[in-house]
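Every chain is numbered from 1, with letters handed out A, B, ... down the list of sequences.
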Number of protein chains: 4
Amino acid sequence: MNLREKKAAKKREDILRSASLVISRKGFHHTTMEDIAAELLMTKGSLYYYFKNKEELLFQCHDLILSNAFNQLEDIYGKEISSGEKMKAAIKVHLDIAIQEKEIFNLTVKPEQIFSKEYIDPIVKKRDAYAGLFDRMIQQGIQKGEFTVNQKKMARMIILGAANWIQVWYSPEGEFSKEEIEQIYADYLLKILT
Amino acid sequence: MNLREKKAAKKREDILRSASLVISRKGFHHTTMEDIAAELLMTKGSLYYYFKNKEELLFQCHDLILSNAFNQLEDIYGKEISSGEKMKAAIKVHLDIAIQEKEIFNLTVKPEQIFSKEYIDPIVKKRDAYAGLFDRMIQQGIQKGEFTVNQKKMARMIILGAANWIQVWYSPEGEFSKEEIEQIYADYLLKILT
Amino acid sequence: MNLREKKAAKKREDILRSASLVISRKGFHHTTMEDIAAELLMTKGSLYYYFKNKEELLFQCHDLILSNAFNQLEDIYGKEISSGEKMKAAIKVHLDIAIQEKEIFNLTVKPEQIFSKEYIDPIVKKRDAYAGLFDRMIQQGIQKGEFTVNQKKMARMIILGAANWIQVWYSPEGEFSKEEIEQIYADYLLKILT
Amino acid sequence: MNLREKKAAKKREDILRSASLVISRKGFHHTTMEDIAAELLMTKGSLYYYFKNKEELLFQCHDLILSNAFNQLEDIYGKEISSGEKMKAAIKVHLDIAIQEKEIFNLTVKPEQIFSKEYIDPIVKKRDAYAGLFDRMIQQGIQKGEFTVNQKKMARMIILGAANWIQVWYSPEGEFSKEEIEQIYADYLLKILT
DNA sequence: AATGAATGAGACTTCATTCAT
DNA sequence: AATGAATGAAGTCTCATTCAT
């Protein structure tokens, strides 16, 4: 990648980041291309130089965040700690992202509400890969004798579902700090696996 | 209420029910006034005789379903059974509704994405009242010595969050029947309270 | 068809007629939905009440004119006159329409420049049916011994091509009246068939 | 013209040639500056170094082809053959170009659909000069006693119109070869002059 | 009570054109 | 000489809403 391509790639990322920001602020369905452009002091026409349409931009946006989440989880999975510790760390990472990128992260949940057919498949695949990392952690815990759980898939879905829900009510001004919440969540959810 | 008013009230309910149906089918953001009217073999103009605008219609729609849920939960709360049994029954009811009315039920979650300020307050109130019933069940369980839980609110949110998530993946064609799923969910989630 | 439907049908026709007019004036590719609406003192949004999109409107426009032409030709074909007379009358009708509706009539010629796949087929079919009437007249003339021509198809295409060309240069202010032109054209083109 | 100017002139011609090609492929109204540039592995910005805007480029494009056609016709006109032979040869050349460069050649027909006022005049002039060569051939034929025709202009327009039409239906995969078609056309059209 | 018709604001998208480098 | 990037005008289309009948 030469300098120019790097610059363009950087710009593309800038756009994605701005888009995330605006979406977080205005909510997904009220964010227009104009809004995204304005955030960057660009005109909406320029966005089309970098992304072929709104859907593509949104998809990349989502992909960036989910990839990021996936990588963090993989790091955790690779660590030399107990499965319980891994699981707790993973839950905390997940909560972090769910809070920070709630709008975008939600796209994962109901892609069909926004994306057309061609995009849904890769989104679902990535989502499943992400969830699969939780499955592997649970499996590992069972093998090590740390966890006792019959319905692995369902346990995983309960955990992720509970964690996702945090966006609904979390507020920085709340009674507990984010760290405290993450700790409590992790502790409670671990109960399901034992 | 005279006959005419009764008729109008009935019609209003018909509209709400049809709206729920269409929204379930097409997803929230892709449902137009036209769609709702078509389901009833009406024209969209007529809807405005019964509801002053789309937002009002949606609000009523949501209100109807949430009221319904609330009533079912109250019945359960009033029964002469153990708190554990109540909680399980409540979770099953919640799962039922989350599956059946997923699109509408979701409005509760992020009212600000759709509703303007004036509507958010009553929605949040109703939602909190609904959640409050869970809180009361938990409280009762603690007093009776059935449950052991420090962070009551958070436990409740974990339970509801996990339950809400079911919409994301539930399919009638899945491996487990709805009843089996409800049973498993109830069992696992009860672990959090003990 | 009840009154209301009649009214709507009439409006649709009004729109088509206005569209034809505007297109004649501004040329095909410079006519916007706004232009068409303005001609009728409507707003562009209203056009979409009657036609689902621009392409559909254009298609109907074209269809109306070509159907009209087809009917006139059929009448001529059914008359009890010599094939030479029929042919001359047909050429005159064709010239008339080519002059009056030149822009729209041209769509027949190159539908692929404007229409998407789904529309091209019916257009081509209608066009071929129209041309087919000329073929039948020629065939009839040959059977009656009035015409002598080996390459029937090509002769027809030469005749229609020459006739279509009139739009390029015809002007009401020209040296000859429309009637004179039509007479001369008909005479000259008949030579090809003998 | 120094080397640099020569190079630029050559490049300009390259562009015109590529433009013709792309236009033939994609149709006139669907050809963008981007398309033309892409064909040459340039970027659209660069085109503006050689042509001040799209209209100018198109005009030159058209001019090149029409000049070419004119030259070929002049050659024929200068030959020592009968007027009938000249006419046939001219028709064949015209058919050739009409087939090969149909999109561009069509600009001649309706310049006002694409060009602004300032360009129309020179285009019409060139077109008339081109048509004038046909007129001169006809005139010559009359003087030599080869042709008998009262309305010379109209005869010429019939001939050119018929010939232009060939683009509408000609296909390399058709029943007749291009050469056969040209022969038949020339024969039939000559009938008009006698 | 209901509807057909019309409206207009706003969204997405395309593309010729400009310009600093 | 060439280009990457940005712009802005213009066009199509959607849809909640209004209103006379």
Side-chain angles (χ1 to χ4, degrees), chain A residues 2-5 7-8 11-12 15 29-37 40-58, chain B residues 4 7-8 11-12 29-37 40-58, chain C residues 2-5 7-8 11-12 15 29-37 40-58, chain D residues 4 7-8 11-12 29-37 40-58:
Chain A
N2 62 22
L3 180 63
R4 194 157 278 158
E5 281 164 353
K7 247 179 157 176
K11 185 86 188 190
R12 244 191 300 277
I15 294 173
H29 288 283
H30 296 122
T31 301
T32 68
M33 290 298 266
E34 184 107 48
D35 293 332
I36 296 170
L40 288 139
L41 307 178
M42 298 168 84
T43 59
K44 59 183 161 177
S46 309
L47 293 180
Y48 288 85
Y49 185 76
Y50 295 97
F51 300 94
K52 79 170 194 282
N53 56 29
K54 193 184 185 185
E55 197 173 14
E56 177 71 22
L57 196 163
L58 259 31
Chain B
R4 181 184 306 158
K7 249 178 149 178
K11 188 86 189 187
R12 244 191 299 275
H29 288 284
H30 295 124
T31 300
T32 68
M33 290 297 265
E34 184 105 47
D35 293 331
I36 296 169
L40 288 141
L41 306 178
M42 299 169 81
T43 59
K44 60 181 165 177
S46 311
L47 294 179
Y48 287 84
Y49 184 80
Y50 297 98
F51 299 94
K52 78 171 198 278
N53 56 30
K54 194 184 185 185
E55 196 173 15
E56 177 71 21
L57 196 164
L58 256 32
Chain C
N2 63 23
L3 180 65
R4 194 155 279 155
E5 280 164 355
K7 248 179 154 176
K11 185 88 189 186
R12 243 190 301 275
I15 293 173
H29 287 284
H30 296 122
T31 300
T32 68
M33 291 298 267
E34 185 107 47
D35 293 332
I36 296 170
L40 288 141
L41 306 178
M42 298 169 84
T43 58
K44 59 184 161 176
S46 309
L47 293 180
Y48 288 86
Y49 184 75
Y50 296 97
F51 300 94
K52 76 171 198 281
N53 56 30
K54 194 184 183 184
E55 197 173 14
E56 177 72 21
L57 196 163
L58 259 30
Chain D
R4 182 185 303 159
K7 248 178 151 179
K11 188 86 187 186
R12 244 191 300 275
H29 287 283
H30 297 123
T31 301
T32 67
M33 291 296 267
E34 184 104 47
D35 293 331
I36 296 170
L40 287 141
L41 307 179
M42 298 168 84
T43 60
K44 58 181 166 177
S46 311
L47 294 179
Y48 288 83
Y49 185 78
Y50 297 98
F51 300 94
K52 78 170 195 279
N53 55 30
K54 194 185 184 184
E55 198 173 14
E56 177 71 20
L57 195 163
L58 257 30

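Of the possible polar contacts, none joining the C/Glu56 side chain to the C/Asn53 backbone as a donor-acceptor pair under 3.5 Å is found.
Counting to the nearest Å, the P atom of E/dG10 and the NZ atom of A/Lys54 are 15 Å from each other. We find that OH of D/Tyr48 is positioned 15 Å from C1' of F/dA5, with the value rounded to whole Å. Regarding C/Met42, its CE atom lies at a distance of 12 Å from the P atom of E/dG8, rounded to whole Å. At whole-Å resolution of the value, NE2 in A/His29 and P in F/dC15 are 13 Å apart. Counting to the nearest Å, the C1' atom of E/dA2 and the OH atom of B/Tyr50 are 8 Å from each other. The distance between atom CG of D/Asp35 and atom C1' of E/dT14, rounded to the nearest whole Å, is 12 Å. Across the protein-nucleic acid pair, D/Glu34 atom CD and E/dT14 atom P stand 11 Å apart, rounded to whole Å. The interatomic distance linking C/Ile15 (CD1) with E/dA6 (C1') rounds to 11 Å, in whole Å.
Residues D/Lys54 and D/Thr32 come closest through the heavy atom pair NZ-CA, 4.3 Å.
In a base pair of the Watson-Crick type (N1 to N3 plus N6-O4 or O6-N4) or a G-U wobble (N1-O2 and O6-N3), with each distance short of 3.5 Å, F/dT17 is matched with E/dA6. The base-pairing partner of E/dT13, taking Watson-Crick or G-U wobble contacts with both distances under 3.5 Å, is F/dA10.
Nearest-nucleotide positions on DNA chain E for C/Leu47 and A/His30 put C/Leu47 closer to the 5' end. Between B/Asn53 and A/Lys11, the residue anchored closer to the 5' end of DNA chain F is A/Lys11, taking for each the nucleotide with the nearest heavy atom. In terms of position along DNA chain F, the nucleotide closest to A/Lys44 lies nearer the 5' end than the nucleotide closest to the other residue of the pair A/Lys44 and C/Lys52. Along DNA chain E, the nucleotide nearest A/Thr32 and the nucleotide nearest D/Met33 are compared for position; the residue whose nucleotide lies closer to the 5' end is A/Thr32.
Between atom CG of residue A/Leu58 and atom OG1 of residue A/Thr31 there is a gap of 8.5 Å, rounded to the nearest 0.5 Å. Note that the CD1 atom of A/Ile15 and the OH atom of A/Tyr49 stand 11.0 Å from one another [nearest 0.5 Å].
At the phosphate of F/dA1, neither OP1 nor OP2 sits under 4.0 Å from any side-chain N or O atom of D/Lys7. In this structure, C/Thr43 reaches the E/dT7 phosphate: one of its side-chain N or O atoms is under 4.0 Å from OP1 or OP2. Put simply, C/Ser46 has no side-chain N or O that comes within less than 4.0 Å of OP1 or OP2 on E/dA5. Within the 4.0 Å cut-off from OP1 or OP2 of F/dA5, at least one side-chain nitrogen or oxygen of A/Tyr49 is found.
In the set E/dA5, F/dA1, F/dA16, the nucleotide with an atom closest to the side chain of D/Arg4 is F/dA1.
With a 4.5 Å cut-off on side-chain heavy atoms, D/Met42 and D/Tyr50 count as touching.
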